[in-house]
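First comes the structure, then the notes that go with it.
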Amino acid sequence: MARCCLVLGDQLSDTLPSLASLDADDCVLMAEVWSEATYVNHHKQKIALIFSAMRHFADRLREQGRQVYYVTLDDEANTHDLVTEIQRHQNQYGFSEWVITEPGEWRLLDQLQHLSQSFEVPLTLLPDTRFIATAEEFAAFLKGRKQPRMEHFYRVMRRKTGILMADDQPMGGQWNFDADNRKSFPGGVTPAPRTHPPDAVTRDVFALVETRFADHFGTLDQFFWPVTQAQAESVLNHFLSERLPFFGDYQDALVAGNDTLFHSLISTALNIGFLDPLEVCRRAEAEYLAGRAPLNAVEGFIRQILGWREYVRGLYWAYMPEYKTRNALGATEPLPGFFWDESLTDMRCLKEAIRNTREHAYAHHIQRLMVTGNFALLLGASVDEVTDWYLSVYADAFEWVELPNTLGMALFADGGLMGSKPYCASGKYIDRMSDYCKGCRYQVKDTLGDDACPLNALYWDFLLTHRDSFQKNPRMAMVLRNIDRMDDAKTEAIQAQAHTFRRRLRETGSDRLPTAQEVLL
Ligand code: FAD
Ligand code: DLZ
Ligand code: SF4
């Protein structure tokens, strides 16, 4: 009797362990289900990407001679839940066994494990081998470390893979060239993202999304995501030749109207399985070895994948489900309405990041960390609301990668597991790294008054509020000395300014002051 393999929307790899384990007569189930498409308010482009990529992948499997049961969203028999779809197909076809590669989110793994306990045939879950580190390697790394740090793990991964290594030493004599990677962008043309004209499959999916997910966040107009492995490879090739040489220098830059700068735009392709992370790192290393890209760029890029991407995955599985409940700074403020509609804010930095997010289901790392993330941190926005927002709005968002980055790196809600100190910054940082402040209605140099940059009062208020707990952290000593120098009148004025700002956001969802007419009404 045949076996069946459920392939999820982020498991679209030829090398998927469950697919590789199938015999010629075994079958595949893929299902577009309402429960996955709506468990958060996914951006329209994220749903379109997953459905189009799933449909293309199913066609590819059929071309390889595989029997695929593909359930579309509009299929009348669709029960709209993955577990019940397994059950329905089991009842219909009587498979002898189910083989599934472990999902990337704890919630779904938990559901499948529960199902397997009462299922009538064996349901085998296989580890997902499409990563560079195994769970055992990560556990060995964590063992005995009170304060695990990405940088140490990254060195373990460099040694394991031999990437950018000369014998046992890092090429260039340093593990990390971050100090060279903090330039602001001097201006000029940057290569446009590679685009792919939508084919009939993608056009059908767009129509479906516009009808069935009309109220979801975002627009489909500027969709540029690769929906096949071939398109993903073309995005990678374009990055390696056109963008990688400048990736390091401008990795932290923020430029109004420039939504992708020199970033690779490969996170969706990596996360849904079109690209293999180790192969991507080797391709980048080859650019350095051939003299086509400098070491600071190549090392900086490889560290994001070999280091950060693997590290956050390791932390997620090591600490879930408890990790999701953490709220070390007691953050509870509602997420302002302008996170869903940038026209409601006058803060140009946030307006730019949220516009990019709405138009592309994308924002580059510094926009995610130092614009929206920093703002949410300083505001004290609810960890649940912020993590739901990030999981919803980015096409590359799956909980294993989104949660540690948001809850840990951006919000410091894990109490220092992801980072040794909070990534908090005032308007001064944004002004140094971007051209946003020049065109903003707020004055970046001011802290008090209606025209002052809101980030300034929020920043000092954040440090004042958490002063006692940050005092224990030597990396916070320098910034805390600044508030020690302030007199009571100054700190009171700052806190009053921050308080008024928070109240306005809570009451109106916007930072805008009411117009004279609105006041009269
Ligand atoms: P590039 O800047 O070109 O980087 C290359 C690759 O490195 C990325 O494609 C990605 O695979 C990897 N990478 C870089 N930084 C990280 C990181 N911190 N963690 C894991 N991988 C990394 N990334 C996601 O893939 N999904 C998410 O849901 C996600 N949520 C984030 C939330 C917050 C608050 C922050 C601060 C970061 C988040 N990131 C997430 C990490 C990072 O911002 C994105 O991977 C990156 O912006 C994707 O764009 P790119 O492909 O152009 O990346
Ligand atoms: C993100 C997503 C969406 C929107 N829809 C589906 C779907 O209909 N069917 C499916 O198999 N997968 C979908 N996905 C991806 C899953 O949410 C993802 O596989 C799990 O969250 C595990 O990472
Ligand atoms: Fe952002 Fe403040 Fe600069 Fe305006 S002035 S863009 S709010 S940092």
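Whatever order the structure lists ligands and atoms in, that order sets their numbers, starting from 1. Along the sequence shown, residues are numbered consecutively beginning with 1.
For ligand 1, the polar-atom distance check finds no N/O of H364 at less than 3.5 Å from any of the ligand's N/O atoms. Residue contacts with ligand 2: V33 is placed with a nitrogen or oxygen under 3.5 Å of a nitrogen or oxygen of the ligand (distance criterion only). The N/O atoms of K46, backbone and side chain alike, include none that comes under 3.5 Å of an N/O atom in ligand 2. Remark: ligand 2 and G9 share an N or O pair separated by less than 3.5 Å (distance only, no angle test). At least one N or O atom of L265 sits closer than 3.5 Å to an N or O atom of ligand 1.
Evaluated by nearest non-hydrogen atom to atom 7 (C) of ligand 2, the leading choice among A31, A37, A53 is A31. Comparing L369, T268, V386, I266 against atom 36 (C) of ligand 1, the shortest heavy-atom distance belongs to L369.
Close contacts between ligand 1 and F301 involve ligand atoms 5 (C) [criterion: under 4.0 Å to a heavy atom]. Listed by number with element, the atoms of ligand 1 under 4.0 angstrom from any heavy atom of T406 are 32 (C), 34 (C). Set against the non-hydrogen atoms of E32, the atoms of ligand 2 under 4.0 Å away are 8 (O). Per-residue contacts place N271 under 4.0 angstrom from the following atoms of ligand 1 (heavy atoms of the residue considered): 24 (C), 25 (O), 26 (N). Against a heavy-atom cut-off of under 4.0 Å, A363 is close to the following atoms of ligand 1: 47 (O). Close approach to L8 involves these atoms of ligand 2, each under 4.0 Å from a residue heavy atom: 11 (O), 19 (O). Of all atoms in ligand 1, numbered sequentially from 1 with element shown, those under 4.0 Å from a heavy atom of F247 are 1 (P), 2 (O), 3 (O). Within the listing of ligand 1, atoms 18 (N) sit less than 4.0 angstrom from a heavy atom of M409.
F247 places a side-chain heavy atom less than 4.5 Å from the side chain of F239. When side chains are defined from C-beta on, K46 does not count as touching D396, because their heavy atoms never get closer than 4.5 Å. For the pair L455 and Y429, the minimum side-chain heavy-atom distance is 4.5 Å or more. Contact of the L306 side chain with the L164 side chain is not registered, since no non-hydrogen atoms from C-beta on lie closer than 4.5 Å. Contact of the I86 side chain with the L6 side chain is registered, since non-hydrogen atoms from C-beta on lie closer than 4.5 Å.
Screening the protein for N, O or S atoms under 2.8 Å from atom 1 (Fe) of ligand 3 yields 1; no waters enter the count.
Looking at Q251 against ligand 1, nothing comes within 4.0 Å, counting heavy atoms. Contacts between T372 and ligand 1 below 4.0 angstrom, taking non-hydrogen atoms only, are absent altogether. Residue-level proximity to ligand 1 for Y362 is carried by the side chain, the only part with a heavy atom below 4.0 angstrom. When heavy-atom distances to ligand 2 are checked against a 4.0 Å cut-off, W400 has no atom that comes that close, whether in backbone or side chain. At a heavy-atom cutoff of 4.0 Å, ligand 1 is contacted by the side chain of L270 but not by its backbone. Residue contacts with ligand 1 for Y390 involve side-chain atoms from C-beta outward but no N, CA, C or O (heavy atoms, distance under 4.0 Å). Within the 4.0 Å heavy-atom criterion, neither part of Q11 lies near ligand 2.
For atom 39 (N) of ligand 1, the nearest non-hydrogen atom of the protein is N405 ND2, 3.7 Å. The closest protein non-hydrogen atom to atom 20 (C) of ligand 1 is R309 CA, 3.5 Å. The nearest heavy-atom contact from the protein to atom 2 (C) of ligand 2 is I50 CG2, 3.9 Å. For atom 12 (C) of ligand 1, the closest non-hydrogen atom of the protein is Q304 O, 3.6 Å. Scanning the protein heavy atoms around atom 45 (O) of ligand 1, the nearest turns out to be S267 CB, 4.1 Å. Protein heavy atom closest to atom 16 (C) of ligand 1, with residue, atom name and distance, is W308 CB, 4.0 Å. Residue, atom and distance of the protein heavy atom nearest to atom 53 (O) of ligand 1 are S264 OG, 3.8 Å. Residue, atom and distance of the protein heavy atom nearest to atom 46 (C) of ligand 1 are R368 NH2, 4.2 Å. In terms of protein heavy atoms, atom 16 (C) of ligand 2 is closest to E36 OE1, 3.3 Å. The nearest heavy-atom contact from the protein to atom 43 (O) of ligand 1 is H365 ND1, 2.9 Å. Scanning all protein heavy atoms for the shortest distance to atom 23 (O) of ligand 2 gives D10 OD2, 2.6 Å.
When each of N356, T372, D259 is tested with Q367 by the rule side chain to side chain donor-acceptor pair (under 3.5 Å), just one qualifies, namely N356. Each of R283, R194, E242 was compared with N237 under the side chain to side chain donor-acceptor pair (under 3.5 Å) criterion, and only R283 meets it. Partner of P336 under the side chain to side chain contact (heavy atoms under 4.5 Å, CB included) criterion, out of L350, D341, L505: L505 alone.
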- Item | From CA spacing to verdict: side chain to side chain donor-acceptor pair (under 3.5 Å), T260, R243 | CA-CA 10 Å; T260 65; R243 292 178 165 218; 2.9 Å; yes

- Derivation of the side chain to side chain donor-acceptor pair (under 3.5 Å) call for N78 and R88: CA-CA 9 Å; N78 192 338; R88 182 168 76 87; 5.5 Å; no

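Cation-pi geometry between R107 and Y39 is satisfied (NZ or CZ under 6.0 Å from the ring centre, within 45° of the ring normal). Taking the ring axis of F153 as reference, the NZ or CZ atom of R158 does not stay both within 45° of it and closer than 6.0 Å to the ring centre. Under a cutoff of 6.0 Å and an axis angle of 45°, R313 and F138 do not form a cation-pi pair.
Between the side chain of E352 and the main chain of R348, no donor-acceptor pair closer than 3.5 Å is present. Between the side chain of W225 and the backbone N or O of H360 there is at least one donor-acceptor pair closer than 3.5 Å. Using a distance-only test at 3.5 Å, with no hydrogens or angles considered, a donor-acceptor pair links the side chain of T161 to the main chain of I163. Side chain of E32 to main chain of L73: a donor-acceptor pair is present (N/O by atom type, distance under 3.5 Å, no hydrogens or angles).
Between the side chains of T101 and R130, no donor-acceptor pair of N or O atoms lies under 3.5 Å.
The aromatic rings of Y394 and Y390 sit tilted, their planes meeting at an angle between 30° and 60°.
Residues passing the salt bridge (charged side-chain N to carboxylate O under 4.0 Å, His left out) test with R441, sequence neighbours excluded: D346, D451. Listed by chain and number, the residues in a side-chain hydrogen bond (donor to acceptor under 3.5 Å, both in side chains) with E233 are Q229 (sequence neighbours excluded).
The shortest heavy-atom distance from R107 to ligand 2 is under 4.0 Å.
To the nearest 0.5 angstrom, E310 atom CD is 9.5 Å from I305 atom CD1.
Sorted by first and then second residue, the pairs that involve residues 411-427 and meet side-chain hydrogen bond (donor to acceptor under 3.5 Å, both in side chains), not counting sequence neighbours, are Y323-D414, S420-R475.
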